[in-house]
Amino acid sequence: PSTDHVLAVNNIEVIYNKVVQALRGLSLVVPRGQIVALLGSNGAGKSTTLKAVSGLLALEDGTLDAGTILFNGQSTAQHAPQQLVRAGLSHVMEGRRVFEDLTVEENLIAATYALTGRPHTAHGAPKPDFDLVYEYFPRLHERRKGLAGYLSGGEQQMLAIGRALIAQPQLILLDEPSLGLSPKLVEDIFTIIARINAERGTSMLLVEQNATVALAVAHSGYIMENGKIVIDGSAERLASDPDVREFYLGMG
Ligand code: ATP
């Protein structure tokens, strides 16, 4: 298996509740260091693909019925989600799931605890790398003592990405970071996503409804329909092909 692909998904099938087939032989790769956009209409199976990769399917009674998923050339099948996080694979779920009753800083501490399995106050335990997060999200530094529940939608999205960054991941699965944000905030978040990729070499698999912004930062992209990939190509090609724009991306 080629390890210049940080992620290789080969022919996977996913079934929910033993009846709903959400993925029907889906394959894709994320070349190391690149941002790959995963696009397609509602219900195409984008979130399911990310959950299959991070191992979170089981939480929703979904099963991986066929196919293989290789992270750094190794099968993810025998690994719990937490082990995958420790190995460098972070999943930022749709809807910015932060701990609303904890402060920004406590959210980052919780992420570190989940990563190391030890409280950061324990003797010799690793400390949360707040600076790494605040470097990209100075706004979170300003709000570090505030409850996450009082942050704006954009700030919560920043915190969700910040918590993923704490693990210093090689690959981030990003589910709809633009959801519910103003155009200005979407631009800010995507500028930071591009910076994290460029400066840290972090690979990303980016699920988005907003194809325009996704293809602007991505190197390549896949378009899904009904549980499988129907088109793939460089981001440039997908963004400029009139047929792709009209029929698959609803961009006329
Ligand atoms: P969206 O942008 O709306 O989230 P998506 O492309 O991410 O769309 P998925 O959420 O992956 O699509 O859903 C793919 C299919 O699987 C849909 O038919 C959906 O109804 C079904 N599905 C998703 N989650 C579950 C679940 N927990 N139980 C049963 N069916 C599910």
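All ligand and atom numbering here is 1-based and tracks the order in the structure. On a predicted model such as this, the values are computed, not experimentally measured, just so you know.
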So is there a nitrogen or oxygen of A44 less than 3.5 Å from a nitrogen or oxygen in ligand 1? yes
Taking distance alone, with N or O pairs closer than 3.5 Å, would you say G45 contacts ligand 1? yes
Where's the contact between E176 and ligand 1, heavy-atom distance under 4.0 Å: side chain, backbone, both or neither? side chain
Answer side chain, backbone, both or neither: which part of N17 comes under 4.0 Å from ligand 1, heavy atoms only. side chain
Is it the case that over 12 heavy atoms from other parts of the model lie below 6.0 angstrom from the CD atom of E135? yes
Is E199 atom CD crowded by more than 12 heavy atoms from other residues, nucleotides or ligands, each under 6.0 Å away? yes
Among protein heavy atoms, which lies nearest [atom], and at what distance?
{"atom": "atom 13 (O) of ligand 1", "value": "T48 OG1, 3.7 Å"}
{"atom": "atom 3 (O) of ligand 1", "value": "N42 OD1, 3.0 Å"}
{"atom": "atom 4 (O) of ligand 1", "value": "S47 OG, 3.4 Å"}
{"atom": "atom 26 (C) of ligand 1", "value": "Y16 CD2, 3.5 Å"}
{"atom": "atom 5 (P) of ligand 1", "value": "K46 N, 3.4 Å"}
{"atom": "atom 8 (O) of ligand 1", "value": "G43 N, 2.8 Å"}
{"atom": "atom 27 (N) of ligand 1", "value": "E60 OE1, 3.0 Å"}
{"atom": "atom 16 (O) of ligand 1", "value": "A22 CB, 3.4 Å"}

Atom pair CG (N72) and CG (L7), whose distance is rounded to the nearest 0.5 Å: 9.0 Å
Using protein heavy atoms only, decide if any is under 4.0 Å from atom 23 (C) of ligand 1. yes
Do you see a protein non-hydrogen atom under 4.0 Å from atom 30 (N) of ligand 1? yes
Within the side chain of [X], is there an N or O that forms a donor-acceptor pair under 3.5 Å with the backbone of [Y]?
{"X": "R245", "Y": "A239", "answer": "yes"}
{"X": "R163", "Y": "I109", "answer": "no"}
{"X": "K46", "Y": "D175", "answer": "no"}
{"X": "S203", "Y": "R32", "answer": "no"}
{"X": "D241", "Y": "R237", "answer": "no"}
{"X": "H219", "Y": "I35", "answer": "yes"}

Could you check whether any heavy atom of G227 sits closer than 4.0 Å to an atom of ligand 1, since that is the contact criterion I want to use? no
Q209 to ligand 1, any heavy atom closer than 4.0 Å: yes
At a 4.0 Å threshold, what atoms of ligand 1 neighbour a non-hydrogen atom of S41? 6 (O)
Thinking salt bridges, do R24 and E13 make one under a 4.0 Å N-O criterion? no
Checking side-chain polar atoms at under 3.5 Å, does Q156 have a donor or acceptor matched by the opposite partner on R97? no
